[in-house]
Amino acid sequence: MNAFDLTGKLAVVTGASRGIGRAMARALAEAGADVVGVSANLEESGSDVEKDVTAAGRSFEAIRADFADPAAVAALGRELAERTRPVDILVNNAGTIRRAPAADHPAADWDLVLQVNLTAQFALAQAVGAAMVRRGHGKVIFTASLLSFQGGITVPGYTAAKHGVAGLTKALANEWAGCGVNVNAIAPGYIATDNTQALQDDPARSAAILDRIPAARWGAAQDLAGATVFLASPASDYVHGIVLPVDGGWLGR
Ligand SMILES: NC(=O)c1ccc[n+]([C@@H]2O[C@H](COP(=O)([O-])OP(=O)(O)OC[C@H]3O[C@@H](n4cnc5c(N)ncnc54)[C@H](OP(=O)(O)O)[C@@H]3O)[C@@H](O)[C@H]2O)c1
């Protein structure tokens with residue numbers, strides 16, 4: 001299936017150090033793309049994701065950037081947009097979560113989550129996407145969430161940010177689809193990563209979540225691989241502005 005081939009493409013994956021981003025980077029490399037990985041604490045060399053990408057025979061470059069710092073995000077966006085080798089695929093996946101009941105939710109937690117999960121996502125998509133629009137092609141993929149559709153429990157900032165990501169996906173797609181740039185999002189279900197460790201460790205929440213998943217298991221980061229390659233490849237050239245759930249059937253229930 002040549003339509004899924006990414007040979008020669010350059011993909012930037014944020015939040016690539018671990019969890020879902022690491023699996024996405026590996027999937028893109030296995031489909032043929034070279035990868036630039038970005039995260040707050042990514043090792044300059046020798047990271048797990050670097051090993052995955054190079055094992056697939058592709059090149060890897062690490063960039064460390066803290067999305068809580070708007071100036072760092074702006075600098076990253078400029079740097080990526082001005083490269084001689086253009087970015088073909090941007091995966092906006094980095095994200096954080098803060099859990100506290102809404103009535104007591106600290107303003108600092110709200111501000112941090114909105115900055116990292118939404119404002120930084122727009123700033124990077126804007127900078128790299130503008131270069132894609134000028135070139136007339138490119139793929140932008142956001143990591144949304146089930147909380148792009150639902151309210152969640154004790155994560156009001158996270159839910160607001162992920163609803164924002166779904167809206168931003170559609171807003172950018174409306175403007176850029178006619179310029180050859182695809183903007184879409186993937187909404188992972190409950191995936192066993194550090195992000196959901198508190199839920200996995202809570203026997204009552206964990207059992208309640210599992211009971212509601214038609215596929216009868218938590219997701220693994222690797223479950224996002226197929227959707228990532230699809231939305232990064234020519235196979236999705238006529239797909240614009242969707243938020244694709246990969247959730248074991250959760251939303252259909
Ligand atoms: N797990 C789930 O069930 C689930 C469900 C729906 C959506 N998501 C979304 O999927 C994405 C990845 O989550 P995950 O489950 O893979 O979580 P994770 O294992 O906690 O990984 C989070 C990634 O984001 C990076 N990151 C966090 N804060 C950052 C910051 N301030 N600046 C730059 N990078 C930062 C981390 O970098 P460092 O390692 O360098 O700190 C790491 O690479 C997030 O957007 C999350 O909201 C997850």
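Ligands are counted one by one from 1 in listed order, and the atoms in each one are counted from 1 as well.
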Task: Under 4.0 Å to a heavy atom of A65 - the qualifying atoms of ligand 1, by number - done: 32 (N), 33 (C)

Task: Mode of I20 contact toward ligand 1 - side chain, backbone, both, neither (heavy atoms, under 4.0 Å) - done: both

Open item on the list: Give me the nearest non-hydrogen protein atom to atom 32 (N) of ligand 1 as residue plus atom name, then the distance to 0.1 Å.
Closed with: F67 N, 2.8 Å

Open item on the list: As an exercise, identify every atom of ligand 1 less than 4.0 angstrom from a heavy atom of G19.
Closed with: 16 (O), 19 (O)

Task: I141 backbone acceptor or donor facing N92 side chain under 3.5 Å - done: no

TODO: Identify which of G95, P188, G219 has a heavy atom lying nearest to atom 6 (C) of ligand 1.
DONE: P188

- [ ] Indicate yes or no: does D48 engage R18 in a salt bridge with an N to O separation below 4.0 Å.
- [x] no

- [ ] Find all atoms of ligand 1 within a distance of less than 4.0 Å from any non-hydrogen atom belonging to T143, and give their numbers and elements.
- [x] 9 (C), 10 (O), 11 (C)

- [ ] Considering the heavy atoms of Y158, write down every atom of ligand 1 situated less than 4.0 Å from one of them.
- [x] 6 (C), 7 (C), 8 (N), 9 (C), 46 (C), 47 (O)

Open item on the list: Can you report which non-hydrogen protein atom sits closest to atom 42 (C) of ligand 1, along with the distance?
Closed with: S17 OG, 3.5 Å

Task: The one among A25, G189, S145 that brings a heavy atom closest to atom 5 (C) of ligand 1 - done: G189

TODO: Could you list which atoms of ligand 1 come closer than 4.0 Å to a heavy atom of A68?
DONE: 31 (N)

Task: Pick from N195, D194, V91: the one approaching atom 17 (O) of ligand 1 most closely through a non-hydrogen atom - done: N195

Task: Within reach of ligand 1, part of K162 (heavy-atom separation under 4.0 Å) - done: side chain

Task: Shortest non-hydrogen separation from T14 to N93 and the atoms involved - done: OG1-N, 2.8 Å

Task: Residue pairs fulfilling ring-ring contact (aromatic ring centres under 6.0 Å, His included) with at least one residue in residues 223-249, sequence neighbours excluded - done: none

Task: Side chain proximity check, W218 to Q200, heavy atoms < 4.5 angstrom - done: yes

Open item on the list: What protein heavy atom lies closest to atom 7 (C) of ligand 1? Include the residue and the distance to one decimal.
Closed with: A144 O, 3.2 Å

- [ ] Could you tell me which atoms of ligand 1, counted from 1 in the order shown, lie closer than 4.0 angstrom to a heavy atom of D66?
- [x] 30 (C), 31 (N), 32 (N)

Task: Closest protein heavy atom (residue, atom, distance) for atom 3 (O) of ligand 1 - done: I191 N, 2.8 Å

Task: Distance filter under 4.0 Å to Y190 heavy atoms, resulting ligand 1 atoms - done: 3 (O)

Task: N-O pairing of R83 and E79 below 4.0 Å - done: yes

TODO: Answer side chain, backbone, both or neither: which part of A192 comes under 4.0 Å from ligand 1, heavy atoms only.
DONE: neither

Open item on the list: Hydrogens and angles aside, do W110 and Q115 bring a side-chain donor and acceptor to less than 3.5 Å of each other?
Closed with: no

- [ ] Could you check T228, N195, L224 and say which one makes a side chain to side chain contact (heavy atoms under 4.5 Å, CB included) with I20?
- [x] L224

Open item on the list: Among all protein heavy atoms in this structure, tell me which lies nearest to atom 18 (P) of ligand 1, with the distance rounded to 0.1 Å.
Closed with: R18 NH1, 3.6 Å

TODO: If you have a sec, work out which protein heavy atom is nearest atom 34 (N) of ligand 1 and how many Å separate them, to one decimal?
DONE: A40 N, 3.3 Å

Open item on the list: So if I apply the side-chain hydrogen bond (donor to acceptor under 3.5 Å, both in side chains) rule between D34 and each of R58, K9, R85, which one comes out positive?
Closed with: R85

- [ ] Could you pull out, from A120, G21, A94, the option with a heavy atom nearest to atom 35 (C) of ligand 1?
- [x] A94

- [ ] Answer yes if the side chains of K139 and S236 hold a donor-acceptor pair under 3.5 Å, and no otherwise.
- [x] yes

Task: Which atom of T7 lies closest to which atom of D5, heavy atoms considered - done: OG1-OD1, 2.6 Å

Open item on the list: Atom CG of residue position L251 - does it have more than 12 heavy atoms of other residues, nucleotides or ligands inside 6.0 Å?
Closed with: yes

- [ ] Show your reasoning for whether side-chain contact (heavy atoms from CB on, under 4.5 Å) applies to F142 and V183.
- [x] CA-CA 8 Å; F142 289 96; V183 184; 3.7 Å; yes

TODO: Name the option, out of T193, T196, D247, N93, that contains the heavy atom nearest to atom 15 (O) of ligand 1.
DONE: T193

